[in-house]
Amino acid sequence: MASAQLAYGVDKCPETYDEYSFTLPELYRHVAKEELREDDDVREKAFSEMRQWIADNPHIRKCRTDAKFLLRFLRFCQFSVPMACEALERYLTLRALYPSWFTNLDCTEPVMQEILDNEPFMHLGQDAAGRAVFLVRFGQFQSEQSSLQDIRYIALVLESVLEWEELQVGGLQVLVDYSGCSMSHFEKFSIHELQVGMDMYSRSYPLRYAAIHAAKLPKFALPLLDTFLSFANPKMREKIQCYATVDDLGKHFETPLKPSTYGGSAEFSEMSRAFRKRLEEQRQIVLGLDRMEVDVDYYASMWNLEEIPEEVSVGVMLKQINMK
């Protein structure tokens, strides 16, 4: 029962913890040391300090304190405990403020199964530097599905992959293909959703991006990209590169990871099955995140997004621009 409590946040201050052991290949130990300042002593000291901070914090009522969860934030912040604690607060605040986005994220739900069948996100594997490489095919989202369904799918994927230690240490590279997108893929979102979504990607979720490469964005959506990126932090904007053609994007696939659909030899169907299996393996852990609780009224003051009326839609914005 103790390990279940650790995984699902039933008790934020258990008396004992499972002993942590670094089991990743040697490449990741080197990356952890050189890029994250992580070693066994630093890690154990950070665990102790962060757990004590959580236990003493009256505004965090329930929170996971197991090693893998805390390492999301410690690795994201290069083992600065104060910064990791702040990152944890922001993450918990986001989840609490937008429960319709982040609660009951179940990969076995029919809607989630349908989106998974369409494969808009795919984990291609790890590149030579140890980075997790993801392919995003935005056109594979169904235009008739609501923006909330798409957002919940993205949140499900992010919560699942953040459990992967190789991603926590090595970071990730994202390849985005906008082929096949139409106006309907974009206009269902509100500007408010874009703003909060970008905060999720670039600030509130502990994701370490190495690079983001995108191609084939329709011309009508360029103003939308500018708006979306205006909500990103400067460091993330520096890592984004856009290309006119999918061929240009294809140059950033490492050969062993290049799917056959992009001219490579990797079997996309095998990648898809492996990715889906890993999501299913994380199902109970992701659902268990709902048990974490914070003082929402207290932490709402941390939320510094500009007030944008939720009814302002991307569709309205794009139509206004195209009429000029």
Side-chain angles (χ1 to χ4, degrees), residues 1-20 36-38 41-105 151-152 155-156 158-160 162-163 165 168 192 195-208 233 282 284-307:
M1 291 299 294
S3 60
Q5 289 179 337
L6 290 176
Y8 307 140
V10 176
D11 183 356
K12 77 170 184 176
C13 314
E15 295 181 359
T16 60
Y17 297 92
D18 293 340
E19 184 176 351
Y20 177 79
L36 308 181
R37 300 181 293 205
E38 175 181 355
D41 293 337
V42 167
R43 190 168 50 241
E44 289 305 318
K45 185 173 184 291
F47 285 158
S48 178
E49 292 177 2
M50 196 167 181
R51 284 168 177 155
Q52 189 62 53
W53 176 85
I54 293 170
D56 293 341
N57 190 325
H59 306 294
I60 297 179
R61 294 167 180 162
K62 291 183 181 179
C63 181
R64 279 178 59 182
T65 50
D66 58 289
K68 190 179 290 188
F69 181 74
L70 297 185
L71 284 170
R72 291 186 181 194
F73 305 95
L74 289 166
R75 286 166 169 160
F76 179 61
C77 297
Q78 296 180 304
F79 281 81
S80 165
V81 173
M83 291 177 64
C85 291
E86 182 179 339
L88 171 61
E89 286 181 305
R90 190 167 183 89
Y91 163 85
L92 293 173
T93 301
L94 181 70
R95 285 185 54 94
L97 286 174
Y98 295 91
S100 64
W101 288 28
F102 299 108
T103 58
N104 195 33
L105 298 175
I151 290 167
R152 285 176 56 80
L156 167 67
L158 294 184
E159 291 288 14
S160 299
L162 278 169
E163 287 293 309
E165 285 198 76
Q168 292 178 2
H192 179 81
Q195 185 180 26
V196 178
M198 178 51 83
D199 194 280
M200 174 175 70
Y201 293 136
S202 67
R203 293 186 179 90
S204 297
Y205 267 54
L207 296 161
R208 297 178 54 246
N233 64 51
Q282 304 297 330
Q284 289 299 331
I285 291 177
V286 172
L287 288 171
L289 295 169
D290 295 352
R291 301 188 186 184
M292 297 190 294
E293 295 179 12
V294 297
D295 183 342
V296 180
D297 292 336
Y298 174 81
Y299 279 118
S301 62
M302 292 176 59
W303 201 251
N304 58 2
L305 296 178
E306 297 177 8
E307 289 297 323

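Since the structure is predicted, the reported quantities are computational estimates derived from the model, not experimental observations. For the single chain, residues carry numbers from 1 onward in sequence order. Excluded from the calculations below are hydrogen atoms, water molecules and symmetry mates; all remaining heavy atoms, backbone and side chain alike, are included.
- Using a 4.5 Å cut-off on side-chain heavy atoms (C-beta onward), Phe69 and Leu74 make no contact.
- Taking CE of Met50 as the start and CG of Leu71 as the end, the distance is 9.0 Å to the nearest 0.5 Å.
- Here the shortest heavy-atom pairing between Cys77 and Ala87 reads SG-CB, 4.0 Å.
- The residues Lys45 and Glu49 are annotated as salt-bridged, a charged nitrogen and a carboxylate oxygen being separated by less than 4.0 angstrom.
- In this structure, the side chain of Gln168 engages the main chain of Lys68 through a donor-acceptor pair within 3.5 Å.
- Closest approach of Leu162 and Pro206 over heavy atoms only: CD2-O, 3.3 Å.
- Looking at Leu289 and Thr103, their side chains never come closer than 4.5 Å, going by heavy atoms from C-beta outward.
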Checking Glu44 against Tyr20 for the side-chain contact (heavy atoms from CB on, under 4.5 Å) test, could you report, in this order, the C-alpha distance in whole Å, the side-chain angles of both residues, the deciding distance, and whether it holds? CA-CA 9 Å; Glu44 289 305 318; Tyr20 177 79; 4.3 Å; yes
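- Formation of a donor-acceptor pair under 3.5 Å by the Arg291 side chain with backbone atoms of Lys62 is not found in this model.
- Both the sub-6.0 Å distance and the 45° axial angle are not jointly satisfied by Arg95 relative to the ring of Tyr98.
- Here the side chains of Asp295 and Arg61 are in contact, with some heavy-atom distance below 4.5 Å.
- The CG atom of Leu105 sits 8.0 Å away from atom OG of Ser160, with the distance rounded to the nearest 0.5 Å.
- For Glu159 and Tyr205, the side-chain atoms include at least one donor-acceptor pair closer than 3.5 Å.
- Partners of Gln52 under the side chain to side chain donor-acceptor pair (under 3.5 Å) rule, at least two apart in sequence or in another chain, are Asp56.
- Contact annotation: the side chain of Trp53 approaches that of Ile60 to within less than 4.5 Å [non-hydrogen atoms, C-beta and beyond].
- Between the OG atom in Ser80 and the CD atom in Glu86 there is a gap of 9.0 Å [rounded to 0.5 Å].
- Considering every non-hydrogen atom in both Ala96 and Val294, the closest pair reads CB-CG2, 3.8 Å.
- Side-chain contact between Met292 and Leu92 is present, with at least one heavy-atom pair separated by less than 4.5 Å.
- With Arg152 contributing its side chain and Ser100 its backbone, the two residues share a donor-acceptor pair below 3.5 Å.
- A salt bridge is defined here as a Lys NZ or Arg NE, NH1 or NH2 lying under 4.0 Å from an Asp or Glu carboxylate O, and Asp66 with Arg64 meets this definition.
- For the 3.5 Å distance criterion, the side chains of Asp199 and Ser204 qualify, holding a donor opposite an acceptor.
- Taking 4.5 Å as the limit, some side-chain heavy atom of Trp101 sits within range of a side-chain heavy atom of Val196.
- Taking the side chain as every heavy atom from C-beta outward, Glu165 and Arg75 approach each other to under 4.5 Å.
- The CZ atom of Phe102 lies 8.5 Å from the CG atom of Leu158; values are rounded to the nearest 0.5 Å.
- Contact of the Leu70 side chain with the Arg51 side chain is registered, since non-hydrogen atoms from C-beta on lie closer than 4.5 Å.
- Here the OH atom belonging to Tyr91 is positioned 13.0 Å from the CZ atom belonging to Phe76, to the nearest 0.5 angstrom.
- Take Arg43 and apply the side chain to side chain donor-acceptor pair (under 3.5 Å) test, not counting sequence neighbours, and it matches Glu38, Asp40.
- Distance CG/Leu207 to OH/Tyr201: 9.5 Å, rounded to 0.5 Å.
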